[in-house]
Amino acid sequence: MTMAVGFLSLPTELICHILILLNPRDISRCARTCNIFWLAVRNSVHIQYKLEIYAQGLTSTGAATMNSTGVSKKILCSLKTLASLWRSDFHATTTFESVVAIAATEYIPFLPAIQDVKCGLWWSYSLDEDKFYIQDCGMNPTLSRTWFIDDVDRFLTTFDPLQDLMVVCSEHHHYVAVTDAEQDYRVCRVEFRLASSQCPHPSAACTSLECKHTFDALPGYYRAALSPPVICGDRVFILYYIENTADDCHPQPASGMFIQVINWRGGYVNRHFLCQLHICEIHLFYPVDEQKLVIIGPEGSIYLYTLQGLNGSPQCRIIYHLPKILHLSLYDPEIIFHGHPSLHGKAARPGLMPSYVPSLESQIMVLEFLLKAGTSILVIDIAIFSDMALRSDMLVDIPWSDWGPQYACYFPHHESYHISVFGSKMAYALPQDHIRDPGQTLEGLSSEGYFYVHIWDFNKRVIACSESVNDPDSPSLRICKSGQMIDSFGEDIFSSRAYIATVCRTPFPTAGSRIFLEQGRLTVTWARHDEISFRVISPTQTEVGPDLTE
């Protein structure tokens with residue numbers, strides 16, 4: 001016991017130096033023994049970096065090329081290169097350009113509403129035809145495809161390139177006459193296809209599943225209103241509610257919100273009651289991972305649900321309250337989630353995997369609020385939804401003052417500014433090529449002008465390393481804070497979180513444009529008449545310093 005007390009009385013720096021000599025499992029065990037170890041592990045950037053590499057599965061069994069972190073120097077150098085790409089103001093280097101012909105619509109020159117870039121593949125729907133477009137944004141044109149999706153609502157088809165999975169959801173558009181309780185109703189039929197061939201996915205236990213709902217409503221005519229399916233690893237989530245169609249022009253919601261939880265590999269689906277209708281809308285939903293779900297409530301709250309076991313129902317665990325300024329118009333909200341939940345799961349096409357997929361501790365989720373009271377964005381550290389936050393089975397209410405300053409950043413916003421999120425980074429299209437001050441007056445992007453892509457990184461470990469090894473007066477180091485904001489109630493909206501901001505000095509035309517961020521590349525698209533142009537850019541490579549251990 002005397003030796004233990006003596007060891008714990010050592011300076012924190014020396015304890016960290018001793019702990020980093022251990023393997024990651026032993027470090028984790030030590031962190032659970034006492035508060036001194038826990039704080040040392042928590043506050044050491046080098047230990048946290050080692051644990052994150054271990055969490056990514058990037059450890060190696062070979063001893064010939066290993067350093068003290070247990071990671072090959074080649075992998076470590078690759079990680080450091082990727083971490084340094086967006087660290088200073090840069091010009092764009094074009095690595096790929098292409099054009100895709102797409103059916104002309106009345107919405108041109110604006111891009112289709114449903115589109116995304118994941119793992120280097122762009123996908124979208126034709127707005128006039130039942131076509132699904134997949135375009136490789138690299139040097140492998142064999143991955144590009146155009147598929148006809150017959151008799152399927154285009155908003156109910158989802159693509160996960162990492163698993164080569166296309167989920168096609170056939171919605172039941174017609175109403176059903178309910179004559180008695182316990183009557184079953186087919187909400188939708190979900191098929192699981194290979195996106196590369198449209199054949200049934202070989203990893204799926206069955207080619208399709210029926211999603212059903214059992215009525216408990218009064219006799220009448222009803223139909224289901226569905227969200228698009230969301231893929232997260234082995235699970236597919238579909239939110240819906242039941243409408244009373246007695247008045248075809250103004251159907252009224254008849255019951256609460258429900259969720260279909262589909263295990264597409266296992267071949268089964270479970271329906272669960274989620275919440276009352278006044279809590280959320282079907283588009284205000286975001287899966288953190290296969291077990292945790294987030295929804296936004298109109299009274300200004302974030303509800304965290306967890307799924308209990310394989311077949312258990314969702315349980316609301318924590319309610320995070322937002323700043324009061326975001327309460328005002330949330331009963332008629334337009335809120336957009338930005339993130340990448342589908343990066344979880346078993347990879348069927350590992351060649352598409354980005355070089356580095358961040359762990360939960362270094363991811364962000366961005367909420368874009370387009371409200372009558374004004375537009376804003378809220379950047380939230382996903383670590384707040386980690387398993388460490390779920391310590392009680394009782395429902396917990398957490399006010400903004402207890403979580404916001406530590407885990408979130410609030411910024412004024414304009415709805416014309418484009419946003420894309422990957423890991424801890426956010427790409428933001430702004431009209432100026434300089435870092436703007438907190439609270440700076442915002443103007444919309446000109447339809448005939450240009451925008452500059454800003455890269456904001458909210459990874460605390462990267463920021464801590466930058467603060468400790470770089471010159472704070474260096475013009476290439478842009479560590480910023482969101483600053484103090486005053487809401488309409490006269491209360492402070494303050495965040496102590498820092499972020500690294502850099503700017504791409506190369507301008508891009510705003511008309512019909514969209515941006516998509518991945519780890520070491522940015523895809524910019526433009527719609528012109530009946531075609532979409534692609535440009536994949538990367539920052540100018542900078543010299544990477546010596547390995548961490550050297």
Side-chain angles (χ1 to χ4, degrees), residues 153 155-158 167-191 208-232 234-246 251-264 266-299 301-317 319 331 333 335 337 341 395:
D153 190 318
F155 294 107
L156 296 178
T157 301
T158 301
V167 175
V168 180
C169 180
S170 303
E171 184 179 6
H172 195 308
H173 292 283
H174 304 292
Y175 62 80
V176 61
V178 175
T179 57
D180 54 29
E182 304 300 323
Q183 180 175 333
D184 285 338
Y185 167 61
R186 195 191 82 174
V187 175
C188 61
R189 178 183 180 88
V190 182
E191 301 179 24
S208 64
L209 288 171
E210 297 280 355
C211 296
K212 296 182 178 180
H213 176 86
T214 302
F215 281 100
D216 57 0
L218 298 173
Y221 296 94
Y222 300 90
R223 69 183 173 201
L226 278 67
S227 72
V230 178
I231 303 171
C232 190
D234 292 352
R235 284 180 166 164
V236 177
F237 301 104
I238 300 177
L239 265 68
Y240 72 98
Y241 61 88
I242 301 298
E243 292 181 327
N244 188 330
T245 60
Q252 296 296 318
S255 57
M257 192 74 63
F258 298 87
I259 185 171
Q260 299 278 348
V261 181
I262 303 166
N263 188 313
W264 66 274
Y268 58 88
V269 57
N270 292 288
R271 175 189 68 92
H272 303 291
F273 175 81
L274 188 62
C275 55
Q276 296 297 329
L277 276 176
H278 68 275
I279 292 182
C280 74
E281 300 292 339
I282 57 178
H283 64 284
L284 302 183
F285 161 74
Y286 183 86
V288 177
D289 54 36
E290 292 179 309
Q291 295 295 131
K292 293 187 284 292
L293 318 170
V294 168
I295 63 174
I296 303 296
E299 71 281 10
S301 302
I302 300 175
Y303 292 76
L304 175 63
Y305 284 80
T306 60
L307 295 175
Q308 308 304 304
L310 293 176
N311 302 314
S313 61
Q315 177 184 351
C316 187
R317 305 294 295 273
I319 302 176
Y331 281 95
I335 305 175
F337 280 102
L395 179 63

Legend entry - Whether Q291 side chain and L307 backbone form a donor-acceptor pair below 3.5 Å: yes
Legend entry - Spatial distance of atom SG (C169) from atom CG (L209) [nearest 0.5 Å]: 11.5 Å
Inset, instruction - Answer yes or no: is there a donor N or O on one side and an acceptor on the other, between the side chain of S227 and the main chain of L239, under 3.5 Å? - result: yes
Legend entry - Backbone N/O of K212 and side chain of Q260: donor-acceptor pair under 3.5 Å: yes
Legend entry - Distance, nearest 0.5 Å, that separates CD of Q315 from CG of L274: 12.0 Å
Inset, instruction - Measure the CG-CD1 distance between L293 and I259 for me, rounded to the nearest 0.5 Å. - result: 5.0 Å
Inset, instruction - Run the salt-bridge test on E290 and R235 with the 4.0 Å N-O cut-off and return the result as yes or no. - result: no
Legend entry - Non-hydrogen side-chain atoms of W264 and V167 separated by less than 4.5 Å: no
Inset, instruction - Go through the structure and list residues passing ring pair (Phe, Tyr, Trp, His ring centres under 6.0 Å) with F258, not counting sequence neighbours. - result: H213, Y240, F273
Legend entry - Distance in Å, I238 CD1 paired with I262 CD1, rounded so as to fall on 0.5 Å steps: 4.0 Å
Legend entry - Side-chain touch Y303/V294, heavy atoms, less than 4.5 angstrom: no
Legend entry - CZ on R186 to OG on S170, rounded to 0.5 Å: 7.0 Å
Legend entry - Side-chain heavy atoms of P229 within contact of V190, under 4.5 Å: no
Legend entry - Results of side chain to side chain donor-acceptor pair (under 3.5 Å) for S313 - residues two or more places apart only: none
Inset, instruction - Can you see which heavy atom on Y305 is nearest to which on P314, and at what distance? - result: CD2-CB, 3.9 Å
Legend entry - Value rounded to 0.5 Å, distance of SG in C316 from CG in L395: 5.0 Å
Inset, instruction - Indicate yes or no: at least one non-hydrogen side-chain atom of I302 is less than 4.5 angstrom from one of I319. - result: no
